Amino acid sequence: MKLARRLVIGAYLFAAMLPLVWMALSSFKTRDDAIRPHPNFVPAATASADPRAITFEATLENYTELADVHVGAQASFLEHLGNSLIVGLCSTLAAVALGTAAAYGFSRFEFAGKKDWLFFILSTRFMPPLAVVVPVLIMYRTLDLQGTHLGLILLYTVFNLSLAVWLMKGFIDEIPRAFEEAALVDGYSRLAAFRRIILPEARTGMAVTAVFCLISAWNEYGFAMTLNASGAITVPAYFAGLQGNIAGMPWPQIAAGALIFVAPIVLFTVLVRRHLLRGMTFGTIKQ
Amino acid sequence: MANHERAPIRWAFVAPTLILLIAFNVFPLVYNLVLAFTNAQLVGGTTRGIGGANFARVFAEPEFAGAVRLTALFVLLAVSIELVLGFAVALALRRDFRGKTVVMTALLVPMMLSPAVMGLFWNLILNGNYGILNQTLAALGLPQPEWLTVGALKFTSMLMIDVWMWTPFMILIALAGLNAIPPAIYEAAEIDRASAWTVFRRITLPLCAPLLGLAVLLRTTDALKQFDLVMAITGPNDENTQTLSTLLYQVTFRDGKIGLGSSFACVVLVIVIAVATVFTRYMERMQRRPA
């Protein structure tokens, strides 16, 4: 039984990790080694004369080439990474700020149709981007927001509000009301109580929420590729656009870029590992 | 205490969020419905109303029926494979062992990554000539299928990547369900000399069921939107992999038929809203459960 358990875990771990390990290895290969018909996975200092060797000559070239513009592309990987950073960070800040305020409202006040509003907010998460993107596109053409950072920031902020409100409501519900009630009795205004009592108490929740919002903005592809064909192209849209490239797929550079792109996400996953369950279920399961 | 404030203060907290959500969700829905009755094009042309002609085409188009079937099959297969595999791995992970935190975190990473970027990279892994998957199969003396070029295998590839990405989600939730079962119940079963199978069927499975139900619903609503992996494996216009989202993309952006695309979108949204309603009802029930 114990052996069976270990086998299952070992086999699964191998399968789960293989693509990432392969990505890391490929990022140090030359293009020829990356697409050699014989497996090669042991980095070595020099190239082997035998085409069937399991070693490959490790190079850092793919990483230095990330600043270059690939044949057929409009800008370098680093520029697209910059776009992803701007869009991801700004939309995350906005979603957490708006979401925290709304979550506080939903947590502490009673008003007409409160439960319906909450479920309306949740339901917006299920909209397939491709089913709502045309009206947004026409709106953006009129407002001149197509191909801009601001356009995507707005869209990702809204897209993440459902997650931010639901997650933050869970965290704020856990802060005892007595805290701010004492402050209100002391003459704090509602806004001051929110700022000085609730916000400091909700710090962990806001950080966790920010990580989940950042990840979903960072990974988003449907809106990014349909709205921004000419400017402010994020990394997922850029990589996908390389397909069918006349010069062939630059696999080692893609591996290097993709590794840099997913590394922060792996780090964040480690940081929020105790809150993963909560984040992935909109705060429904609290553990 | 909470309701001493005047209404304006209460609404001030939630109004910005609600206004943005209405502007970016309700407005597009209504606008979609208007566009669906026109012949609007992506580029140029004058737009005029053409009545219900688009909707008539949606239901006459074999592509639409094909995309509905394919999406349904994809959701069904992906979610059930992920559920069974995830539950099995969760059972194996149940006991504590050294390094469990590290192993758990490593196992969960795939679900956090970008489907578009990882889907693209999977092309290198699955390549028939130089992919590591077929090289491994060759080393084991197994057949090496052409994952990316043979019709039916393209669908299998897409399914495989989705399973790689989302089984971790099922592991995470199943493990939470398993950990919440009080050990006393198992002790009682042991005294009664219940067989391992009976314990699994009568205790483990039913007590995990509510959480697994939540996981299945969350995955279903997500898999229903499948777009990124299809684009990465075949592009939007391959009959072997065309899901509802990629059909919408093909009609609207490649063919440039906004009016027709919008009527497709309206029908898709009806399907999505139906599933989402089931989901939110379930969430409501889950929340009323004592923690």
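Remember, predicted model here, so these are calculated numbers, not experimental data. We name chains A, B, ... by the order of the sequence lines, and we start the count at 1 in each one.
Using a 4.5 Å cut-off between heavy atoms, A/V8 touches chain B through its side chain atoms alone. For B/V103, the parts lying under 4.5 angstrom from a heavy atom of chain A are both the backbone and the side chain. Residue B/T167 touches chain A through both its backbone and its side chain, counting heavy-atom pairs closer than 4.5 Å. Only the side chain of A/L137 comes within less than 4.5 Å of a heavy atom of chain B; its backbone N, CA, C and O stay farther away. With a 4.5 Å cut-off on non-hydrogen atoms, B/I125 touches chain A through its side chain but not through its backbone. Both the backbone and the side chain of B/L93 come within contact range of chain A, judged by heavy atoms closer than 4.5 Å. Looking at B/T252, only its side chain comes within 4.5 Å of chain A, counting heavy atoms on both sides. Using a 4.5 Å cut-off between heavy atoms, A/F212 contacts chain B through its side chain alone, with no backbone atom that close. Heavy atoms closer than 4.5 Å to chain B are found in both the backbone and the side chain of A/T226. For chain A, no part of B/R94 is nearby; none of its heavy atoms comes within less than 4.5 Å. Looking at A/F126, both its backbone and its side chain come within 4.5 Å of chain B, counting heavy atoms on both sides. Neither the backbone nor the side chain of B/L224 comes within contact range of chain A; no heavy atoms are under 4.5 Å apart. Only the side chain of B/F169 comes within contact range of chain A, with at least one heavy atom under 4.5 Å from a heavy atom of that chain. Contact of B/L269 with chain A is made through the side chain alone, with heavy-atom distances under 4.5 Å. Within the 4.5 angstrom heavy-atom criterion, only side-chain atoms of A/S26, from C-beta onward, approach chain B. Heavy atoms of A/A255 lying under 4.5 Å from chain B belong to its backbone as well as its side chain. Contacts of A/W22 with chain B are made by both backbone and side-chain atoms, with heavy-atom separations under 4.5 Å. For A/V134, the part sitting under 4.5 Å from any heavy atom of chain B is the side chain, from C-beta outward, and nothing else. Only the side chain of B/L214 has a heavy atom closer than 4.5 Å to any heavy atom of chain A. For B/N129, the part sitting under 4.5 Å from any heavy atom of chain A is the backbone (N, CA, C, O) and nothing else.
By the 4.5 Å heavy-atom criterion applied to side chains, A/L130 and B/F253 are counted as neighbours. Side-chain contact check for B/L124 versus A/I254: every heavy-atom pair is 4.5 Å or farther apart.
Interface remark: of the candidates B/A12, B/P16, B/A232, B/P110, B/A232 forms the most heavy-atom pairs closer than 4.5 Å to chain A. When each of B/L42, B/N127, B/N134, B/V30 is scored by its heavy-atom pairs under 4.5 Å with chain A, the top score falls to B/L42. Note: A/W117 leads A/F268, A/F41, A/W117, A/F159 in heavy-atom pairs under 4.5 Å with chain B. Interface check for chain B: of the options A/I215, A/L7, A/N40, A/L122, the most heavy-atom pairs under 4.5 Å are formed by A/L122. Looking only at heavy-atom pairs under 4.5 Å with chain A, the residue among B/L85, B/D228, B/L218 that has the most is B/D228. Among the candidates B/R95, B/M165, B/M104, the residue making the largest number of heavy-atom pairs closer than 4.5 Å to chain A is B/R95. For chain A, the option among B/V102, B/L120, B/T277, B/L35 with the highest count of heavy-atom pairs below 4.5 Å is B/L120.
Nearest heavy-atom pair across B/P168 and A/Y12 is CD-OH, 3.4 Å. When all heavy atoms of B/V117 and A/A258 are compared, the pair lying nearest together is CG1-CB, 3.7 Å. Here the closest non-hydrogen pair linking B/L113 and A/I265 is CD2-CG2, 4.0 Å. Considering all non-hydrogen atoms of both residues, A/L13 and B/A106 come closest at CD1-CB, 4.0 Å. Among all heavy-atom pairs drawn from B/L20 and A/L154, the shortest one is CD2-CD2, 4.3 Å. For A/R36 against B/Q135, the heavy-atom pair with the smallest separation is O-NE2, 3.0 Å.
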Q.
As a quick check of understanding, evaluate side chain to side chain contact (heavy atoms under 4.5 Å, CB included) for A/F239 and B/F121, giving each step before the final call.
A. CA-CA 9 Å; A/F239 273 151; B/F121 189 74; over 6 Å; no
Q | From CA spacing to verdict: side chain to side chain contact (heavy atoms under 4.5 Å, CB included), A/M23, B/M118 | A | CA-CA 10 Å; A/M23 186 183 270; B/M118 293 315 291; 3.6 Å; yes
